[in-house]
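The block underneath contains the structure these notes are about, expressed in structure tokens.
In the text below, chain A, chain B and the rest are named by the order of the sequence lines, each starting its count at 1.
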Number of protein chains: 2
Amino acid sequence: MQSFTEENYLKIIYHLSLNNEGNVQTNAIAERMQTKAASVTDMIKKLADKQLIDYKKYQGVKLTESGRSLAINIVRKHRLWEVFLVEKLHFKWDEVHDIAEELEHINSPELIERLDEFLSFPKNDPHGDPIPDKNGKFDTATFIKLSKLKKEETGIIMGVSDHSSSFLKHLEKLGLTLGKPLKIIDVIDFDGSVELLLETKKLNVSREVAKHVLIKTSIDNPAS
Amino acid sequence: MQSFTEENYLKIIYHLSLNNEGNVQTNAIAERMQTKAASVTDMIKKLADKQLIDYKKYQGVKLTESGRSLAINIVRKHRLWEVFLVEKLHFKWDEVHDIAEELEHINSPELIERLDEFLSFPKNDPHGDPIPDKNGKFDTATFIKLSKLKKEETGIIMGVSDHSSSFLKHLEKLGLTLGKPLKIIDVIDFDGSVELLLETKKLNVSREVAKHVLIKTSIDNPAS
DNA sequence: CTAAAAGTTTAGACAAATCTAAAAAAATAA
DNA sequence: TTATTTTTTTAGATTTGTCTAAACTTTTAG
Ligand SMILES: [Mn+2]
Ligand SMILES: [Mn+2]
Ligand SMILES: [Mn+2]
Ligand SMILES: [Mn+2]
């Protein structure tokens, strides 16, 4: 069994390893954990002793199979609880992350299986992120950033890559919520902002926002 | 804010103070916490520093108003989660206590208010225990032990005073579940066991079991 | 290819919660 | 009321997770 702290380290290492290939660096972990590099080194050794990560001094770390499996299970719990909070308790999508940070550490496989069933086995959380099933399998479909779309292209909003309350509230106000279809009217050279048609409404979105909105384009859908 | 451990101490002190009048003793806490008296003394000092309990050396402890209020809030959370687990996730009444022991420490007043509403503001948990409202108020109706009933008396099962899985499973098997009406046929002198009519079924219940089944008698219902 | 900068680890310390063993106080019994 | 038992507290140690400061490695720049 792992402590809450160990679980948080595993989860953060997992998330960091999705972005960059290769090993996860001490400083990157320290920043995400809001702690000091020296503390990370201490914990890294402990996790390596437990065979949850592979670690060679100065070379960063990588999850082992069992470490990865534990991390994915924490992510599964986090996202299922977020669905519960939004679908059943009617929280808004910008209010659930912090509560799920606590709930994800509740340790009862039976509870999570029943919660999954109660929620009708959701495939995605309120931010569009995929929910691993009990065997740790999940959709790996990666979506394209709104900021990468070109003039005339169309797509559907499938997720966000920033979960902060301020960002999500802003999206909500703009009407940029999951499932909405949109079409690029123009990309402004000057500041990289995007003019788009959201359903029937025309609006301008800053490049900063566009970078964190994830789109499934309607074009690349070959018969596969 | 208190640690999980501090919360558990407060809750145990609260429960112990319901049974005995006067102050709660160090050893009693140690037994319930499954720890040593020396550890209890350490924690007691800490809680006294935080003004959550009144403490004089060798005299035992008593919750202050703010300590009591915190303890009741933990009990509220515990019992609401138990209702959720039984009503929504279809756990059995003997399966929920341990999971609720973890969930009771989740810290989000908003979550608990919404959960309360989602459950339609239940008054009692799956074991018949009263659920404090958000102001800490709750029914203090105390029920009589089945073992105290006399021949011919009738009543309804309102709760249990032992929450162990083995006891609850046994009750389930006997059909002694919340809300069931019963009538005492006879009390056996020899072993103190109770013969009773449960709805239409006749059965014999040991004194040990009868001591932990709580009854609302149909008789004492004066116009008050 | 060296020197500076960036990143990482070690050494030593600290706070929280626990423990064992021993001392001290209170309760009980003779 | 004194002696014995029970209960509680203290002293000192341990474990977990953290920190600062200093040392060490690796990377980057010139
Ligand atoms: Mn989240
Ligand atoms: Mn999410
Ligand atoms: Mn319980
Ligand atoms: Mn209960």
Side-chain angles (χ1 to χ4, degrees), chain A residues 1-17 19-63 67 70-71 74 101-102 104-105 107, chain B residues 1-13 16-17 19-63 67 70-71 74 101-102 104-105 107:
Chain A
M1 199 54 5
Q2 317 70 231
S3 66
F4 283 21
T5 309
E6 289 171 304
E7 291 193 344
N8 284 332
Y9 271 93
L10 289 175
K11 190 182 55 162
I12 279 172
I13 292 167
Y14 172 74
H15 283 310
L16 288 169
S17 67
N19 302 337
N20 328 352
E21 310 301 300
N23 290 356
V24 176
Q25 298 196 101
T26 302
N27 265 352
I29 299 170
E31 193 188 2
R32 284 278 203 115
M33 279 292 293
Q34 310 225 69
T35 187
K36 300 297 152 75
S39 307
V40 173
T41 302
D42 290 340
M43 180 57 77
I44 273 175
K45 287 178 183 165
K46 194 173 159 193
L47 294 174
D49 281 348
K50 294 190 177 189
Q51 317 226 42
L52 298 172
I53 56 177
D54 290 323
Y55 167 56
K56 261 183 283 180
K57 271 191 194 175
Y58 294 102
Q59 302 309 128
V61 303
K62 196 179 151 120
L63 291 171
L70 281 171
I74 298 160
E101 284 293 308
E102 293 193 46
E104 72 189 3
H105 301 291
N107 173 35
Chain B
M1 199 53 9
Q2 317 70 230
S3 65
F4 283 20
T5 308
E6 290 171 302
E7 291 193 344
N8 284 331
Y9 271 92
L10 289 174
K11 190 182 55 161
I12 279 172
I13 292 167
L16 288 170
S17 68
N19 303 335
N20 330 351
E21 309 301 300
N23 291 357
V24 175
Q25 298 196 103
T26 303
N27 266 350
I29 299 169
E31 193 187 3
R32 285 277 204 116
M33 279 293 292
Q34 310 226 69
T35 186
K36 298 299 151 75
S39 308
V40 173
T41 302
D42 290 341
M43 180 56 77
I44 273 174
K45 287 177 183 166
K46 196 173 155 193
L47 294 174
D49 281 349
K50 294 191 176 187
Q51 316 226 42
L52 298 172
I53 56 178
D54 290 324
Y55 167 55
K56 262 182 282 180
K57 267 189 197 175
Y58 295 100
Q59 301 309 127
V61 303
K62 197 181 148 122
L63 291 170
L70 282 172
I74 298 160
E101 284 294 308
E102 293 192 47
E104 72 189 5
H105 301 291
N107 174 35

Consider the side chain of [X], meaning its heavy atoms from C-beta on, and name the nucleotide among [options] that approaches it most closely.
X	options	value
B/Met43	D/dT8, C/dG7, C/dT18	C/dT18
B/Ser39	C/dC19, C/dT9, D/dT8	C/dC19
A/Gln59	D/dT9, C/dT8, D/dT26	D/dT26
A/Tyr58	D/dT18, C/dT9, C/dC19	C/dT9

To the nearest 0.5 Å, tell me how far [X] [atom1] sits from [Y] [atom2].
X	Y	atom1	atom2	result
A/Ile74	A/Asn107	CD1	CG	10.0 Å
B/Arg32	B/Leu16	CZ	CG	4.5 Å
B/Glu7	B/Leu47	CD	CG	11.0 Å

*Scan B/Thr5 against the nucleic acid and name what it touches under 4.0 Å (heavy atoms): base, sugar-phosphate only, or nothing.*
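Counting heavy atoms under 4.0 Å across all strands, the contact made by B/Thr5 is with sugar-phosphate only.
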*Classify the nucleic acid contact of B/Tyr9 as base, sugar-phosphate or nothing, counting any heavy atom under 4.0 Å across all strands shown.*
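The residue B/Tyr9 makes sugar-phosphate contact but no base contact.
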Could you state the atom-to-atom distance from [atom1] of [X] to [atom2] of [N] in whole Å?
X	N	atom1	atom2	value
B/Gln2	C/dA15	CD	P	21 Å
A/Ile44	C/dT10	CD1	P	11 Å
A/Asn20	C/dG7	CG	P	13 Å
B/Asn23	D/dT8	CG	P	11 Å
A/Leu47	D/dT18	CG	P	11 Å
A/Lys56	C/dT9	NZ	P	13 Å
A/Met33	C/dT8	CE	P	16 Å
A/Glu31	C/dA6	CD	P	15 Å

Tell me whether the side-chain N/O atoms of [X] come closer than 4.0 Å to OP1 or OP2 in [N].
X	N	result
A/Tyr55	C/dT8	no
A/Asn27	C/dA6	no
A/Lys57	C/dT10	yes
A/Thr26	C/dT9	yes
A/Lys36	C/dT8	no
B/Gln25	D/dT8	yes
B/Thr35	C/dC19	yes

*asked:* Would the distance check show the side chain of B/Glu6 and the main-chain N or O of B/Ser3 forming a donor-acceptor pair, the cut-off being under 3.5 Å?
replied: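 Looks like yes, one N/O pair under 3.5 Å.
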*Just say parallel, tilted or perpendicular for the rings of B/His105 and B/Phe4, cut-offs at 30° and 60°.*
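Taking B/Phe4 first and then B/His105, their aromatic rings lie parallel (interplane angle under 30°).
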*Do the non-hydrogen side-chain atoms of A/Tyr55 and A/Thr41 ever get within less than 4.5 Å of each other?*
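Yes, close enough: below the 4.5 Å cut-off.
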